[in-house]
Q: 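Quick one: the structure is below, questions incoming.
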Amino acid sequence: MTLNIGVIGAGAIGRDHIRRCSQVLQGARVVAVNDINRDNATGIVEQLRLDARVYDDGHELIKASDVQAVLVTSWGPSHEEFVLAAVAAGKPVFCEKPLAVTAQGCKNIVEAEAKHGKRLVQVGFMRPYDQGYRALKQVLTSGQIGEPLMLHCAHRNPTVGEAYTTDMAITDTLIHEIDVLRWLLDDDYVSVQVVFPRKSSKALSHLRDPQIVLFETAKGTRIDVEIFVNCQYGYDIQCEVVGETGIAKLPEPSSVQMRSNARLSNEILMDWKERFIDAYDVELQGFINDVQAGQLQGPSAWDGYAAAVTADACVAAQLSGEVVPVSLPPRPSFYGK
Ligand code: NAI
Ligand code: NAD
Ligand code: ISE
């Protein structure tokens, strides 16, 4: 059976997910597209020559009888209403991060899903599907470097646009580390502090960049994450785990090493779309397969909520400069262990 998908939001990642659902993945086709900017929707439908209807309203798309599952790839602030509408319609929904822009918004989704009685929501946290992070997790679980004591991480983008604000370094960028490190360590955060180093002259005047976020986990592991979204030189994700008996590092993406013009060099990627291209394929194929099998297994609405609670504490820590506690209620049994 082919799964009929409707996509809300045909921007950068929406277009990329439409391409992968139509050309790369198995078992799905895009039959409906909506974007608040209609040209974005018609543009991708024409470009890929899709047999898909363009809707003027996301809610109409969700209700359409031929749409069996929904991808929400519109701007973060619009996610909550579309996910709630998909749950109300009883349709599985894959929502790009963040699930909602506030913890309360995520909680509304968690409650609606629990009321429905069955998982319908997957959040687009793709890093747990990345081969590099999976290999790193395997090293940690095997005990080869003992218990993790400290993590040194960096999340660097070459540049960001004018609409990107200081809090988005948390809610839009760090949110990936918030999610994947919790999964990597099988641990939860208990406190966070944010410090601001000297500001880069390459950052726009309204933006504080770079930032350093310092977490403590329930098991006492300390994590520092540098967020630097105007680093100029590339899209660079680093994660080094210092254990009791050794150090394990996230592998670099593979690239040809060059000897040329008296230099030894490796290319550095510039675009997030390329850095996690395989992980996006695996996460969405997983969603399609799980919808067909009738049981979602990927990152859940609870994972989206846990990330949002942590993000709220990080934003409070940005504003106060203080150490801010992170307190997450226990995971409901509905979402497994
Ligand atoms: P974008 O700005 O390129 O695209 C957003 C699109 O949504 C635009 O075409 C806009 O017109 C449309 N839109 C906004 N409000 C809408 C509404 N109410 N109804 C219908 N369409 C609406 O943004 P981008 O980069 O594609 O990001 C979209 C989402 O994907 C964001 O939540 C972002 O955080 C997430 N994202 C996730 C990534 C990942 O690595 N998992 C990478 C990049 C983005
Ligand atoms: P697992 O289910 O054995 O254990 C992972 C632990 O991390 C669980 O406690 C779970 O609740 C938690 N977790 C899962 N996703 C999380 C997230 N996004 N944020 C925070 N915590 C999270 O895990 P696994 O088999 O190592 O799989 C890890 C992820 O990779 C899962 O999301 C899984 O669905 C996905 N996966 C996908 C495929 C595929 O081919 N599609 C294959 C294997 C795993
Ligand atoms: C973007 O939305 C992403 O998700 C990218 O992975 C991240 O690096 C970037 O900072 C975000 O804006």
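Count residues from 1 along the sequence.
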Q: If hydrophobic clusters are built from ILVMFWY residues whose side chains come within less than 4.5 Å, do L181 and F228 share one?
A: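 No; tracing contacts between hydrophobic side chains, which count when under 4.5 Å, never links both residues.
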Q: Flag yes if more than 12 heavy atoms outside E240 fall under 6.0 Å of its CD atom; otherwise flag no.
A: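 Yes, CD of E240 has more than 12 neighbouring heavy atoms, counting only those of other groups under 6.0 Å.
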Q: Below 4.5 Å, heavy atoms only, C-beta onward: do D290 and P92 meet side chain to side chain?
A: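 D290 does not reach P92 side chain to side chain.
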Q: Is V194 reachable from V324 through a run of I, L, V, M, F, W or Y residues, each pair having side-chain heavy atoms under 4.5 Å apart?
A: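 V324 and V194: one cluster.
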Q: Closest approach of E113 and A301, non-hydrogen atoms and distance?
A: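 In terms of heavy atoms, the two residues are closest at OE1-CB, 3.5 Å.
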Q: Is there a side-chain contact between F94 and I5, using heavy atoms and a 4.5 Å cut-off?
A: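 Heavy-atom side-chain distance check fails, nothing below 4.5 Å.
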Q: Shared ILVMFWY cluster between I145 and L136, side chains joined below 4.5 angstrom?
A: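 Hydrophobic grouping puts I145 with L136.
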Q: How long is the straight-line distance from CD of Q318 back to CD of Q211, given to the nearest 0.5 Å?
A: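 CD of Q318 is found 4.5 Å from CD of Q211.
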Q: Over all heavy atoms of both residues, which pair between S327 and V309 is shortest? Give the atoms and the distance, please.
A: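 Nearest pair, atom of S327 first, then V309: O-CG1, 3.6 Å.
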Q: Is the shortest distance from a Lys or Arg side-chain nitrogen in D172 or K97 to a carboxylate oxygen in the other one below 4.0 Å?
A: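 Between K97 and D172 there is a salt bridge, with a charged N closer than 4.0 Å to a carboxylate O.
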Q: Taking the side chain as every heavy atom from C-beta outward, state whether I277 and R20 have any atom pair closer than 4.5 Å.
A: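 SC-SC contact between I277 and R20 confirmed.
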Q: Do the non-hydrogen side-chain atoms of L50 and I18 ever get within less than 4.5 Å of each other?
A: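 Result yes, sub-4.5 Å side-chain heavy-atom pair found.
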Q: Answer whether the closest heavy-atom distance between the side chains of L184 and C239 falls below 4.5 Å.
A: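 A side-chain contact exists here, since the closest heavy-atom pair is under 4.5 Å.
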Q: Do V242 and V213 land in one hydrophobic cluster if side-chain heavy atoms of ILVMFWY residues count as linked below 4.5 Å?
A: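 No: no chain of side-chain contacts under 4.5 Å links V242 to V213.
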Q: Closest approach of L207 and T165, non-hydrogen atoms and distance?
A: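 In this case the closest contact between L207 and T165 is CD1-C, 3.5 Å.
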Q: When you measure from the side chain of H79 to the backbone of V101, do you find a donor-acceptor pair of N or O atoms at a distance under 3.5 Å?
A: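 No.
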Q: Give a yes or no on whether the backbone of I44 and the side-chain of R19 come within a donor-acceptor separation of less than 3.5 Å.
A: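 Side chain of R19 to backbone of I44: no pair is present.
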Q: Atom CG of L174 and atom CD of E226: how far apart are they, to the nearest 0.5 Å?
A: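 One finds 12.0 Å between CG of L174 and CD of E226.
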Q: Report the C-alpha distance between Q144 and S142 in whole Å, list the side-chain angles of each, state the deciding distance to 0.1 Å, and finish with yes or no for side-chain hydrogen bond (donor to acceptor under 3.5 Å, both in side chains).
A: CA-CA 6 Å; Q144 285 175 79; S142 71; 2.9 Å; yes
Q: Should we count CD of Q26 as having more than 12 external heavy atoms under 6.0 Å?
A: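 No, CD of Q26 has 12 or fewer neighbouring heavy atoms, counting only those of other groups under 6.0 Å.
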Q: Report yes if some heavy atom in the side chain of L149 is under 4.5 Å from a heavy atom in the side chain of E244; otherwise report no.
A: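 Of all side-chain heavy-atom pairs linking E244 with L149, at least one is under 4.5 Å.
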Q: Taking H206 for the side chain and Y164 for the main chain, is one N or O donor matched with an acceptor at less than 3.5 Å?
A: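 Yes; at least one donor-acceptor contact below 3.5 Å.
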Q: Can you establish whether the number of heavy atoms outside D51 located under 6.0 Å from its atom CG is more than 12?
A: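 It does not: D51 CG has 12 such atoms or fewer within range.
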Q: Taking D186's backbone N and O only, do any of them form a donor-acceptor pair with K219's side chain (distance below 3.5 Å, no angle check)?
A: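 Checked: pair present.
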Q: Would you say E60's side chain and Y55's backbone share a donor-acceptor pair under 3.5 angstrom?
A: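 Side chain of E60 to backbone of Y55: no pair is present.
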Q: Is I268 reachable from V160 through a run of I, L, V, M, F, W or Y residues, each pair having side-chain heavy atoms under 4.5 Å apart?
A: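 No; I268 is not reachable from V160 via cluster members.
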Q: Contact between D278 and Q131 at the side-chain level, heavy atoms closer than 4.5 Å - yes or no?
A: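 Result no, sub-4.5 Å side-chain heavy-atom pair not found.
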Q: To the nearest 0.5 Å, how far apart are CD1 in I237 and CG in D130?
A: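 Here the interatomic distance stands at 10.0 Å.
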Q: Side chains of R127 and Y133: do they bring a donor and an acceptor to under 3.5 Å?
A: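 Distance-only check passes for R127 and Y133.
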Q: CG/L185 to NZ/K137 distance, rounded to the nearest 0.5 angstrom?
A: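 Nearest 0.5 Å value for the CG-NZ distance: 8.0 Å.
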Q: As a quick check of understanding, evaluate side-chain hydrogen bond (donor to acceptor under 3.5 Å, both in side chains) for E111 and Y305, giving each step before the final call.
A: CA-CA 11 Å; E111 285 168 0; Y305 173 62; over 6 Å; no
Q: What is the distance from atom OG1 of T310 to atom CG of L328, rounded to the nearest 0.5 Å?
A: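 Going from OG1 on T310 over to CG on L328, the span is 6.5 Å.
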Q: How close do A86 and I62 get, heavy atom to heavy atom, and via which atoms?
A: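 Shortest heavy-atom contact: CA-CG2, 3.8 Å.
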Q: I would like to know whether E283 and H17 meet side-chain contact (heavy atoms from CB on, under 4.5 Å); could you show each step before the answer?
A: CA-CA 11 Å; E283 70 165 356; H17 283 345; 4.1 Å; yes
Q: Hey, what's the ring geometry for Y280 with W272, parallel, tilted or perpendicular (30° and 60° as the breaks)?
A: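 The rings of Y280 and W272 stand perpendicular, inter-plane angle above 60°.
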Q: Tell me if the aromatic rings of H59 and F82 count as close, with their centers under 6.0 Å from one another.
A: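 Yes, the ring of H59 comes within the 6.0 Å limit of the ring of F82, centre to centre.
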Q: Assess R275 against Y235: is NZ or CZ under 6.0 Å from the centre of the six-membered ring, and within 45 degrees of the ring's axis?
A: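 Checked: cation-pi criterion not met.
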Q: Within the 4.5 Å heavy-atom criterion, are I178 and F215 side-chain neighbours or not?
A: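 I178 reaches F215 side chain to side chain.
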Q: Please confirm whether the backbone N or O of K273 pairs with a side-chain atom of D271, one donor and one acceptor, at under 3.5 Å?
A: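 Answer holds: yes.
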Q: List the steps, then state whether side-chain contact (heavy atoms from CB on, under 4.5 Å) holds for E216 with T221.
A: CA-CA 6 Å; E216 183 178 8; T221 303; over 6 Å; no
Q: Taking D167 for its side chain and V315 for its backbone only, find out whether a donor-acceptor pair lies under 3.5 Å.
A: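 Pair absent, no side-chain N/O of D167 close to backbone of V315.
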Q: Judged by modelled atom types alone, do E252 and Q238 share a side-chain donor-acceptor pair under 3.5 Å?
A: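 There is such a pair (donor and acceptor under 3.5 Å, judged by atom type) between the side chains of E252 and Q238.
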Q: Hey, is the main chain of V256 close enough, under 3.5 Å, to the side chain of E267 for a donor-acceptor pair?
A: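 Looks like no, no N/O pair under 3.5 Å.
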Q: Restricting to non-hydrogen atoms, name the atom on C106 and the atom on G304 that form the minimum distance, rounded to 0.1 Å.
A: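 Heavy atoms of C106 and G304 come nearest at SG-O, 3.7 Å.
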Q: How close do L204 and K199 get, heavy atom to heavy atom, and via which atoms?
A: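 What the structure gives for the nearest pair is O-NZ, 2.8 Å.
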Q: Does the pair F125 and I175 meet the rule for a side-chain contact (heavy atoms from CB on, under 4.5 Å), with working shown?
A: CA-CA 9 Å; F125 286 133; I175 198 93; 3.9 Å; yes
Q: Between S200 (side chain only) and D209 (backbone N and O only), is there a donor and an acceptor less than 3.5 Å apart?
A: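 No, S200 side chain to D209 backbone: no donor-acceptor pair under 3.5 Å.
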Q: In Å and rounded to the nearest 0.5 Å, what is the OG to CG distance from S74 to N40?
A: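 If I round to the nearest 0.5 Å, the distance is 11.5 Å.
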Q: Is R182 paired with D303 through a side-chain N to carboxylate O contact shorter than 4.0 Å?
A: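 Salt bridge: yes.
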Q: Is the NZ atom of K107 crowded by more than 12 outside heavy atoms at less than 6.0 Å?
A: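 Not more than 12 within 6.0 Å, no.
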Q: Going through the checks in order, is the side-chain contact (heavy atoms from CB on, under 4.5 Å) test met by V121 and L296?
A: CA-CA 8 Å; V121 181; L296 293 187; 5.6 Å; no
Q: Looking only at atom types and distance, does a side-chain atom of T166 sit under 3.5 Å from a main-chain N or O of R208, one as donor and one as acceptor?
A: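 Checked: pair present.
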